[in-house]
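One structure follows; several queries about it will come next.
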There are 2 protein chains.
Amino acid sequence: MSIRHGLLALLERGQMYGYQLRAAFEESTGSTWPLNIGQVYTTLARLERDGLVRSLPESEAGQRPYTITDAGRADLALWFATPISRTDRPRDELAIKLALALTTPGVDVRAVVQNQRTATMRTLQELTRLKYASDRPEDLPWRLVLDAMVFQAEAEIRWLDHCETSLVRYRPAPEPGGRAAAQPTEARWDGEEARR
Amino acid sequence: MSIRHGLLALLERGQMYGYQLRAAFEESTGSTWPLNIGQVYTTLARLERDGLVRSLPESEAGQRPYTITDAGRADLALWFATPISRTDRPRDELAIKLALALTTPGVDVRAVVQNQRTATMRTLQELTRLKYASDRPEDLPWRLVLDAMVFQAEAEIRWLDHCETSLVRYRPAPEPGGRAAAQPTEARWDGEEARR
DNA sequence: CGGAGTATGCATACCTGGTATACGTTCCGC
DNA sequence: GCGGAACGTATACCAGGTATGCATACTCCG
């Protein structure tokens with residue numbers, strides 16, 4: 001629901017049309033997350049269907065501006081007033097990957113951790129480089145977005161290190177017989193282990 | 001692409017059918033991210049369409065097990081070998097929300113930050129409670145997933161505090177005239193500000 | 001001047017992720 | 001025996017996300 005409310009917030013500043021909305025969205029986050037133009041139009045259509053925006057008559061240059069409605073303003077206010085909870089965040093692909101790597105035969109978990117660590121370190125350097133590239137005080141929103149990514153990358157590094165030490169202590173030998181794809185007859189996960 | 005590869009990794013342990021796959025997936029992440037059963041079947045169909053899994057004949061009990069193919073094994077190995085980059089992560093809804101709050105008239109940014117902070121602190125307490133609930137050493141994957149969420153929540157707290165101090169220093173008065181929805185004639189974002 | 005390239009602008013097709021729901025069977029307890 | 005819980009598959013539907021088509025206007029350069 002991020003883009004819906006993002007467009008609503010931009011329309012709260014005044015009427016705008018699709019192309020403008022994309023530019024404003026990308027500018028407010030420093031082009032960190034490029035926004036496909038097609039999604040802007042489909043999202044605008046859905047917002048209009050739901051009564052949160054209203055499309056104005058096409059301008060002389062062929063642009064179709066939109067305005068936010070009262071219902072849209074209420075929805076936006078609710079979005080700003082409601083904190084983002086843990087349950088409506090997307091799945092953490094890295095965590096899933098590592099958790100599954102631990103129980104998948106033939107996977108070098110240490111290597112996965114190490115590869116990810118160097119990649120994340122590289123990202124972190126790139127982010128700090130970007131951070132000090134522009135120091136204009138009016139870029140506060142963009143710099144906060146950058147800081148969010150920096151903080152998150154640092155947390156990821158810490159977590160990866162934590163994983164590595166946990167691995168050493170708990171998993172000296174993951175599977176004593178090597179590749180364990182040898183039970184052909186029946187599946188090994190028959191549900192009674194699935195409930196903890 | 002998280003679930004595609006997740007199912008592939010589970011099938012690497014041996015043949016399984018849909019319902020089993022969901023149970024195994026949820027168990028390996030400690031039911032942190034519940035997986036809708038419908039998604040398992042549609043994803044399996046897409047994996048079979050792409051030649052990464054093969055469906056076996058229906059068992060006597062009416063279950064339809066799947067096996068991973070060689071192409072699937074190769075895809076899975078590639079997934080484990082390739083680190084997750086910054087660009088293919090989902091948008092950070094909280095960062096977008098705060099960046100937009102800064103430029104949206106009539107939004108109390110401090111309140112947004114404070115609300116989010118208390119909510120995240122609550123999740124953090126809940127997570128540490130969960131973390132010490134089970135200490136079985138064989139639950140390492142699940143505990144690592146939990147730790148990932150803890151590290152991320154802590155980073156979020158730090159970032160929110162950082163936002164608050166930045167706000168104090170840079171934005172003592174966001175809009176001197178109050179609600180600024182007063183320019184009715186023309187849109188205020190005409191593209192020449194959009195390029196930085 | 002003419003054409004190639006680029007920015008502006010809208011629209012649609014298509015795929016994946018995610019959810020709800022329908023619809024069966026089996027098993028177990030009351 | 002019957003009602004609910006667990007097991008199991010399947011489909012419809014919506015939102016997020018991407019690629020692409022298509023049109024106009026401006027600019028730059030030979």
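Chain identifiers are assigned alphabetically (A, B, ...) following the order of the sequence lines, protein sequences preceding nucleic acid strands; residue numbering begins at 1 within each chain. Quantities reported herein were computed from a predicted structural model and do not represent experimental measurements.
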Is the shortest heavy-atom distance from the side chain of A:Asp92 to the side chain of B:Trp33 under 4.5 Å?
yes
Whole Å only: how far is the NE2 atom of A:His5 from the C1' atom of D:dG16?
14 Å
Comparing A:Thr42 with B:Pro34, nearest DNA chain C nucleotide closer to 5' gives the residue A:Thr42
Grab the CD-P distance between B:Gln63 and C:dG24 for me, whole Å please.
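Between P of C:dG24 and CD of B:Gln63: 18 Å.
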Per B:Arg64 side chain, nearest of listed nucleotides D:dT9, C:dT16, C:dT8
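When the side chain of B:Arg64 is considered, D:dT9 is the closest of D:dT9, C:dT16, C:dT8.
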B:Tyr17 side-chain N/O to D:dG8 phosphate OP1/OP2 under 4.0 Å
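B:Tyr17 to D:dG8 OP1/OP2: side-chain N or O found under 4.0 Å.
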Among the candidates C:dC15, D:dA10, D:dA19, find the nucleotide nearest to the side-chain atoms of A:Asn36.
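Within the option list, the nearest is D:dA19.
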Is A:Lys97 reaching over with its side chain to a backbone N or O of B:Trp79, donor-acceptor style, under 3.5 angstrom?
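Side chain of A:Lys97 to backbone of B:Trp79: a pair is present.
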With a 4.0 Å cutoff (strictly under), does any side-chain N or O of A:Tyr41 reach OP1 or OP2 of C:dC10?
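Yes, because at least one side-chain N or O of A:Tyr41 sits under 4.0 Å from OP1 or OP2 of C:dC10.
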So if I take every side-chain heavy atom of A:Arg4 and compare against D:dG8, C:dT16, D:dG16, which nucleotide ends up nearest?
D:dG16
Please report, rounded to the nearest Å, how far the P atom of C:dG9 is from the CD atom of A:Glu26.
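After rounding, the gap between these two atoms is 14 Å.
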From CD1 of B:Ile37 over to P of C:dG24, roughly how many Å is that when rounded to an integer?
18 Å
Here the distance between atom P of D:dA15 and atom CG of A:Leu44, to the nearest Å, is 14 Å
Side-chain N,O (A:Arg91) to OP1/OP2 (C:dG18) below 4.0 Å:
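It does, given that an N or O in the side chain of A:Arg91 lies less than 4.0 Å from OP1 or OP2 of C:dG18.
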Without swapping roles, check the side chain of B:Trp159 against the backbone of A:Leu144 for a donor-acceptor pair under 3.5 Å.
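At least one qualifying donor-acceptor pair exists.
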On DNA chain D, compare the nucleotides closest to A:Gln39 and B:Gly38; which residue's is nearer the 5' end?
B:Gly38
Check the distance between D:dC7's P and B:Met16's CE and give it to me in whole angstrom.
14 Å
Would you say A:Arg49 places a side-chain N or O within less than 4.0 Å of OP1 or OP2 belonging to D:dA15?
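Checking A:Arg49 against D:dA15: at least one side-chain N or O falls below 4.0 Å of OP1 or OP2.
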Would B:Met16 and B:Leu7 count as a side-chain contact (heavy atoms from CB on, under 4.5 Å) if you check the C-alpha gap in whole Å, the side-chain angles of each, and the deciding distance to 0.1 Å?
CA-CA 10 Å; B:Met16 290 168 109; B:Leu7 297 188; over 6 Å; no
In whole angstroms, the gap separating P of D:dG8 from CG of B:Leu56 amounts to 16 Å
Is a side-chain N or O of B:Ser55 found less than 3.5 angstrom from the main chain of B:Tyr66, in a donor-acceptor match?
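Here the side-chain-to-backbone pair does not exist.
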CG of A:Leu52 versus C1' of D:dA15: gap in Å, rounded?
14 Å
